[in-house]
Amino acid sequence: MQQADPVAIVGAGIAGLTMALCLARHGILADIFEQADALDEVGAGLQVSPNASRILMELGLLPALEDVWSEPDSIALVDGRTLRSLADVPAGPAARSRWAAPYGVLHRASLQKILQDAVQSEPRCRLHLGTRIAGDPAAAVAAAAGRRPSVVIGADGLWSQARAAIAGAGAVRFSGNIAWRLLLPRAEASGRLSADRVTAFLGTKAHLVAYPLREIDGFNLVAIIGGKPTGAVWTGKDSEERRREFAVAFEAWHPDLRSMIESAASATYWPLCTVDEGAWHNGRDLVLIGDAAHAMTPFAAQGAAMAIEDASELACCLAECVDAPAAFVRYEQARRARISRVRKRAAFNRFAYHARGPVRVARNLVLALRGPTALAADLDWLYGYGASGRQKA
């Protein structure tokens, strides 16, 4: 694509900053517009699977990531009532060997800071904080920057303003689940958590994922339960009503886990919402990536990874296609099937993780019959995306 003016990116979260760096790698200038005055990442922990870390490696960010993250040796599935081990997927050195990229866990703010530092060190990227883009995105960018962009990329998340400017774009929908984020000091882990693994505790209508965060010398806990919507908000503070719902969801769980949850601090909750199928671009100069295009539930831990993949793919399309409309078509053709498959995996995980009765028994039996190597092979299509010798599918 011949570019007279820089590409504009709306939103300076993980999606937007990665997008700018991917464009810079192709020699394309990018202006990033963020309405916040400072980049304070909402949330706590983040799992960066090999399909995403591979792209961050290509951007030269692996040394900075290795300074702050952990690479757990395994991803374990455990029964939340009995603490019986159900399955174990090798990670750590095995992930680097099998998928040619690491599986890391870190604080979201750490990744945000690494991306921001890289953007601010890249002469082809310009970050504009305290600048809100609303209404017609191209016109708003022109007013803010003094020039009309060749392309506007909406990377502004679930409640995207850019999406509102695209006819036929998907609508936000509550998934029926509430997620809780909690932080647990290492001393409160009751010996049930390991710094060497990601653990998913499974139970009826609820599950709990725990993994280490080096930055706090403790663990990030994400608990997902059924619940009522809380309105158009991203996070909510702890409340008595929500705490009761939370306690009921885990009342049949192992006492060690209940005690551990009660000891956790910094509890916040947020409604898990998705974006329905719909248009991702306007066919001219505006296109969406990440949650703005296709927000999904976190049952496959792929929300951030899909945004990072989007950024890499769209940058390639813009660099190689004759114009923006052609780039958008190619980008959509490359990403639609992939996003659909990841959504289906997340839906399957939701069903399996929250199973009860005979389905729970059958799930446990199937997992017991699968060895670590077979379970890892089931993830080749997901984690091996973009690896040498593997097709992007």
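Computed from heavy atoms alone, side chains included, the values below leave out hydrogens, waters and symmetry copies.
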In short, L213 meets L106 closest at the heavy-atom pair CD2-C, 3.3 Å
Ignoring hydrogens, what is the shortest heavy-atom contact between A134 and A140? Give both atom names and the distance. O-CB, 3.5 Å
Between M306 and N51, is there a side-chain heavy-atom distance shorter than 4.5 Å? yes
Taking the side chain as C-beta and beyond, is there a heavy-atom pair between I178 and E245 under 4.5 Å? no
Is there a donor-acceptor pair under 3.5 Å between the side chain of S74 and the backbone N or O of A76? no
Set out, in order, the CA-CA distance, both residues' side-chain angles and the distance that settles side-chain contact (heavy atoms from CB on, under 4.5 Å) for R345 and Q302, then state yes or no. CA-CA 10 Å; R345 179 61 185 236; Q302 287 295 304; over 6 Å; no
L83 reachable from F219 in the ILVMFWY side-chain graph, under 4.5 Å edges: yes
Anything under 30° is parallel, anything over 60° is perpendicular, the rest tilted; go ahead and classify W253 against F250. perpendicular
Check whether any side-chain N or O of S121 sits under 3.5 Å from a backbone N or O of D117 as a donor-acceptor pair, and report yes or no. yes
Could you walk me through whether W69 and L111 pass side-chain contact (heavy atoms from CB on, under 4.5 Å), step by step? CA-CA 9 Å; W69 77 4; L111 178 56; over 6 Å; no
If you apply the rule side-chain contact (heavy atoms from CB on, under 4.5 Å), what do you find for T18 with L115, and how did you get there? CA-CA 7 Å; T18 304; L115 291 169; 3.7 Å; yes
Hey, is R25 close enough to E122 for a salt bridge, meaning N to O under 4.0 Å? no
How close do A279 and R336 get, heavy atom to heavy atom, and via which atoms? CA-NH2, 4.0 Å
With a 4.5 Å limit on heavy-atom distance, are the side chains of D31 and P149 in contact? no
I want to check something: taking the side chain as every heavy atom from C-beta on, are H354 and N177 in contact at a cut-off of under 4.5 Å? yes
When you measure from the centre of the six-membered ring of W280, is the NZ or CZ of R335 under 6.0 Å away and within 45° of the axis? no
Can you tell me if S53 uses its side chain to pair, donor with acceptor, with the backbone of P102 under 3.5 Å? yes
Within the side chain of R363, is there an N or O that forms a donor-acceptor pair under 3.5 Å with the backbone of A352? yes
Short question: side chain of E34, backbone of A12 - any donor-acceptor pair under 3.5 Å? yes
For the NE2 atom of H294 and the CZ atom of R343, what is their distance to the nearest 0.5 Å? 7.5 Å
Is there a donor-acceptor contact under 3.5 Å from the side chain of Y385 to the main chain of R338? no
Strictly by modelled atom types, are N349 and H207 linked by a side-chain donor-acceptor pair under 3.5 Å? no
Specify the closest pair of heavy atoms between A249 and A206, including all atoms of both residues, with the distance to one decimal. O-CB, 4.2 Å
Taking the side chain as everything from C-beta on, heavy atoms only, tell me whether L208 gets closer than 4.5 Å to Y353. no
Y103 and I75: side-chain contact (heavy atoms from CB on, under 4.5 Å), yes or no, with the steps? CA-CA 10 Å; Y103 195 116; I75 304 162; 3.6 Å; yes
What's in the same ILVMFWY side-chain cluster as I133, cut-off under 4.5 Å, chained through other members? V10, F33, V141, V152, I166, L286, L288
Contact check, side chains of V275 and R163, non-hydrogen atoms, under 4.5 Å: yes
Quick one: are R148 and D285 in side-chain contact, heavy atoms under 4.5 Å? yes
Show the nearest heavy-atom pair for residues Q112 and I14, with the distance to one decimal. OE1-N, 3.8 Å
Salt bridge (Lys or Arg N to Asp or Glu O under 4.0 Å), that's the test. Do D73 and R197 meet it? Break it down for me. CA-CA 5 Å; D73 289 335; R197 70 178 183 178; over 6 Å; no
Nearest 0.5 angstrom please: L202 CG to L77 CG, how far? 5.5 Å
State the SG-CG distance between C22 and L314, to the nearest 0.5 angstrom. 9.0 Å
Please check this pair: side chain of R181 against backbone of T268, looking for a donor-acceptor N/O pair closer than 3.5 Å. no
To the nearest 0.5 Å, atom CD of E188 lies from atom CG of L183 at 13.0 Å
Check the orientation of W180 and F246. Use parallel for under 30°, tilted for 30 to 60°, and perpendicular for over 60°. parallel
For the backbone of L129 and the side chain of T131, can you confirm whether one donor and one acceptor N or O come within less than 3.5 Å of each other? yes
So, the side chain of S259 versus the backbone of P255: is there a donor-acceptor pair under 3.5 Å, distance only? no
Any salt bridge (Lys or Arg N to Asp or Glu O under 4.0 Å) pairs touching residues 263-276, not counting sequence neighbours? R173-D276
Just by distance, do the side chain of D156 and the backbone of A162 share a donor-acceptor pair under 3.5 Å? yes
For the atom pair CD1 (I55) and CG (L61), what is the distance rounded to the nearest 0.5 Å? 11.5 Å
Look up atom CD in Q333 and atom CD in E313, then write down how far apart they are to the nearest 0.5 Å. 10.5 Å
Of all heavy-atom pairs linking S194 and P212, the shortest is O-CD, 4.2 Å
4.5 Å side-chain heavy-atom contact, I339 and M296: yes
